[in-house]
Amino acid sequence: MELEKNNIHMSKILKNEISTFYVTHESSLTEADDMIENIINHHENVSVDNTSIRNNQLIVNGTISFGMMYYTSDSDMAKGVEGEIPFEETIKLNSLDENCNVDVSLIVLSSSVKLIDGKNYIYKVQIMANITIEKLEDLEAVSDIHRENVMTKHSSLESLCVIADKTDTFRISERLSVPSGKPAIQKIIWQDVKIKTINTKMLDGMIHIGGELKVFLIYIPEAEGMPQQWVDTIINFGGTVDVAEAGEDLVSYINTTLHNVDIEAEMNQDNETRDISISALLKLNIKIYEEREMEVLEDVYAPDANLVPVIEERKYQKLLVKNESRTKNIVKLDIDQSKGHILQICSSDAEVKIDNIVVSDSGLKAVGKIKACIIYISSDDAHPLCYQCKEADFEHRIDADGIMPEDKYYINWRVEQVSANMISTEQVEIKSVVALETIVFRSEKKEFISEIEEQPIDMDKINAAPMLKGYVVQKGDSLWKLAKENYTTMDNIMKVNELVSEQIKPGDRLLIIKSCQ
């Protein structure tokens with residue numbers, strides 16, 4: 001007797017958890033003569049450097065990259081400082097062992113900068129960690145048996161197998177030039193680079209990446225006596241990443257985050273500092289799945305042997321839904337009149353922070369906050385560069401027909417489009433589009449045959465069974481059931497009774513002849 005087996009390689013999501021923590025850091029200005037009078041704006045980006053598991057604890061090492069724009073008491077020109085804050089956070093999680101895979105994404109929930117004096121300041125950042133705990137498992141099931149005089153019953157199932165679960169990087173290197181109507185650059189004091197749109201497509205052996213970066217920077221011009229200038233533009237990027245497991249017919253879920261952004265002002269061919277080089281690292285969290293339709297052995301018997309299946313109830317995954325949805329948002333921002341009237345909008349931005357996912361009827365509901373911001377020029381000659389933002393409730397329903405509370409999922413979100421319009425000198429309307437990508441897994445239970453034992457046959461029981469009998473089909477009967485109970489085969493019953501199909505119904509009269517003695 002020889003058994004054939006199928007293997008389902010699964011990555012099971014054990015749980016999704018959210019944890020929040022604070023990082024506090026004291027720092028000081030490096031510019032010797034600078035003394036901060038007031039802070040215009042600050043922004044932060046947090047990234048995961050590495051994670052490890054130890055004694056039911058998740059250790060997260062990460063970096064907060066920050067930028068701060070400020071005014072000094074002796075100038076109407078804004079200045080800027082950038083820095084990095086490394087941190088290590090220990091998060092206690094129940095039922096966590098070193099064989100688990102932990103996927104962690106970090107979001108800045110809130111931040112504040114407190115001045116100690118004109119030189120020194122304290123940064124305090126609240127971070128939310130979205131934690132997904134996974135475990136790789138192999139489900140092995142008998143798909144067929146090779147033996148003489150054996151009857152088999154099969155069933156088919158659709159499963160989702162893990163092909164790859166890995167990380168990779170894509171290097172972005174692009175250039176742009178200062179528009180001809182603007183002066184050359186002396187010094188960049190503020191930079192903000194974000195992914196505006198991104199698309200990934202799996203090809204055979206590679207993943208194609210294409211998208212747009214929103215680039216905003218403020219700089220001091222070379223020409224004396226000119227006010228500060230800014231560049232607000234969109235640049236395209238694209239390329240491929242070699243991934244051996246990728247294929248056009250496979251299912252992918254790829255999460256991308258932008259890291260290590262660096263902007264440098266460079267001279268052009270005319271020896272003017274008008275070129276800007278942008279380099280960044282796009283980190284890819286790549287999950288690749290294959291939908292497989294498999295035949296598994298559901299039951300087995302032989303008239304001349306006692307074949308005993310070893311049955312185990314196991315869970316396997318199938319793809320319920322994978323979709324991408326978008327929702328429009330409008331935030332009306334009232335300008336702080338103590339900073340003067342708004343004259344011109346330099347840049348607008350928005351970010352979404354989702355802090356709860358609720359399973360609702362036929363879908364998921366994402367609940368959180370959307371923060372809309374602008375940098376603008378005001379009528380205050382002393383401090384013309386200003387920043388203001390407003391936070392509003394965010395809620396969006398994601399279609400996922402048939403979803404149940406026990407189903408597992410991944411959700412990735414980003415702001416794709418932002419525009420700001422002045423309604424008046426006192427109010428600005430900020431429109432944005434939020435894109436959400438979702439993949440939902442259905443967990444199914446099924447009894448699988450893992451082994452088949454051939455035990456000694458009970459000849460007394462076989463001999464006691466009648467050689468021939470008439471039988472009236474009852475509710476719940478099948479040819480398989482009757483053949484197995486009467487030591488014969490489905491083919492023999494069909495041949496004796498001249499049946500053209502395996503279908504029988506209650507009330508049918510059958511003649512059953514035992515096949516072995």
Side-chain angles (χ1 to χ4, degrees), residues 38-45 67 69 71 78 107-112 179 181-182 190-198 211-218 227-235 258 324-356 365-381 383-398 412-437:
N38 70 295
I39 296 170
I40 304 169
N41 186 20
H42 56 87
H43 65 83
E44 302 78 31
N45 181 51
M69 186 163 48
Y71 276 115
I107 300 170
V108 175
L109 281 182
S110 62
S111 61
S112 62
K182 289 183 175 288
W190 179 264
Q191 64 183 47
D192 189 14
V193 178
K194 288 184 172 69
I195 296 175
K196 183 176 182 287
T197 62
I198 189 164
E212 297 175 317
L213 290 180
K214 181 182 184 298
V215 180
F216 174 69
L217 58 90
I218 300 174
Q228 284 170 318
Q229 304 290 314
W230 66 90
V231 175
D232 188 22
T233 189
I234 304 294
I235 60 173
L258 198 63
E324 190 168 324
S325 58
R326 287 170 173 78
T327 179
K328 296 180 180 179
N329 300 272
I330 297 176
V331 177
K332 290 187 177 180
L333 180 63
D334 294 322
I335 300 301
D336 183 358
Q337 296 302 299
S338 66
K339 299 178 181 179
H341 295 303
I342 182 170
L343 301 179
Q344 187 176 1
I345 297 172
C346 303
S347 178
S348 58
D349 193 18
E351 59 183 32
V352 171
K353 300 170 184 177
I354 294 175
D355 49 36
N356 194 20
K365 185 169 69 173
V367 181
K369 298 286 185 181
I370 184 165
K371 183 180 179 182
C373 311
I374 60 168
I375 293 177
Y376 65 97
I377 302 297
S378 78
S379 58
D380 184 354
D381 292 335
H383 296 150
L385 199 60
C386 300
Y387 166 85
Q388 196 163 335
C389 67
K390 182 180 179 180
E391 213 170 53
D393 291 334
F394 174 83
E395 186 175 302
H396 178 62
R397 184 183 174 281
I398 303 163
N412 181 35
W413 58 87
R414 63 184 179 274
V415 179
E416 284 195 338
Q417 301 174 34
V418 183
S419 62
N421 298 307
M422 289 176 56
I423 299 174
S424 68
T425 57
E426 300 178 358
Q427 193 177 62
V428 174
E429 184 180 73
I430 303 172
K431 297 180 181 180
S432 60
V433 175
V434 178
L436 300 97
E437 184 183 8

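- Atom CD1 of I377 is separated from atom CD of Q228 by 8.0 Å, given to the nearest 0.5 angstrom.
- Distance alone, capped at 3.5 Å, places no donor-acceptor pair between the K339 side chain and the H383 backbone.
- Between V231 and V215 the shortest side-chain heavy-atom distance does not fall below 4.5 Å.
- The closest side-chain donor-acceptor pair between E416 and T197, if any, does not fall under 3.5 angstrom.
- Put simply, the side chain of I375 reaches to within 4.5 Å of the side chain of W190, judged on heavy atoms.
- Atom CD of E391 sits about 10.0 Å away from atom CD1 of I370, to the nearest 0.5 Å.
- Of the inter-residue distances, the one linking I398 atom CD1 with W413 atom CH2 reads 9.0 Å to the nearest 0.5 angstrom.
- When side chains are defined from C-beta on, V352 does not count as touching L436, because their heavy atoms never get closer than 4.5 Å.
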(Q) Is there a side chain to side chain contact (heavy atoms under 4.5 Å, CB included) between D349 and H43? Walk through the geometry before answering. (A) CA-CA 12 Å; D349 193 18; H43 65 83; over 6 Å; no
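- Taking all atoms of both residues into account, the shortest heavy-atom contact from I345 to Y376 is CA-CB, 4.1 Å.
- A heavy-atom distance below 4.5 Å is found between the side chains of K196 and I234.
- Nearest heavy atom pair, residue I430 against residue A372, reads CD1-CB, 3.7 Å.
- The shortest side-chain heavy-atom distance between V415 and K194 does not fall under the 4.5 Å cut-off.
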Q. Between I195 and L213, does a side chain to side chain contact (heavy atoms under 4.5 Å, CB included) hold up when you go through it step by step?
A. CA-CA 5 Å; I195 296 175; L213 290 180; 4.1 Å; yes
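- Just one of D232, T233, I235 meets the side chain to side chain contact (heavy atoms under 4.5 Å, CB included) condition when paired with K214; it is D232.
- Interatomic distance, D334 CG to K332 NZ, rounded to the nearest 0.5 Å: 9.5 Å.
- Within a 6.0 Å sphere centred on NZ of K369, heavy atoms belonging to other residues, nucleotides or ligands number more than 12.
- For the pair Q337 (side chain) and I335 (backbone), a donor-acceptor distance under 3.5 Å is present.
- Of all heavy-atom pairs spanning A420 and V428, the tightest one is CB-CG1, 3.9 Å.
- If you take NZ on K390 and CD1 on I374, they are separated by 12.0 Å, rounding to the nearest 0.5 Å.
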Q) Checking side chain to side chain contact (heavy atoms under 4.5 Å, CB included) for the pair K353/D355: CA distance, chi angles, key distance, verdict? A) CA-CA 6 Å; K353 300 170 184 177; D355 49 36; over 6 Å; no
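- Counting heavy atoms from C-beta outward, E395 and D393 have side chains that stay 4.5 Å or more apart.
- In this structure a side-chain-to-backbone donor-acceptor pair under 3.5 Å is present from Y71 to L385.
- Counting non-hydrogen atoms of neighbouring residues, nucleotides and ligands closer than 6.0 angstrom, the CG atom of D381 reaches no more than 12 such neighbours.
- Atom CG of residue D336 and atom CD1 of residue I342 lie 12.0 Å apart, to the nearest 0.5 angstrom.
- For L343 against S378, the heavy-atom pair with the smallest separation is CD1-O, 3.4 Å.
- Counting only distance, with no hydrogens or angles, the side chain of S379 and the backbone of H341 share a donor-acceptor pair below 3.5 Å.
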Q: Decide side chain to side chain contact (heavy atoms under 4.5 Å, CB included) for K431 and K328; before the verdict, give the C-alpha distance in whole Å, the side-chain angles of both, and the deciding distance to 0.1 Å.
A: CA-CA 7 Å; K431 297 180 181 180; K328 296 180 180 179; over 6 Å; no
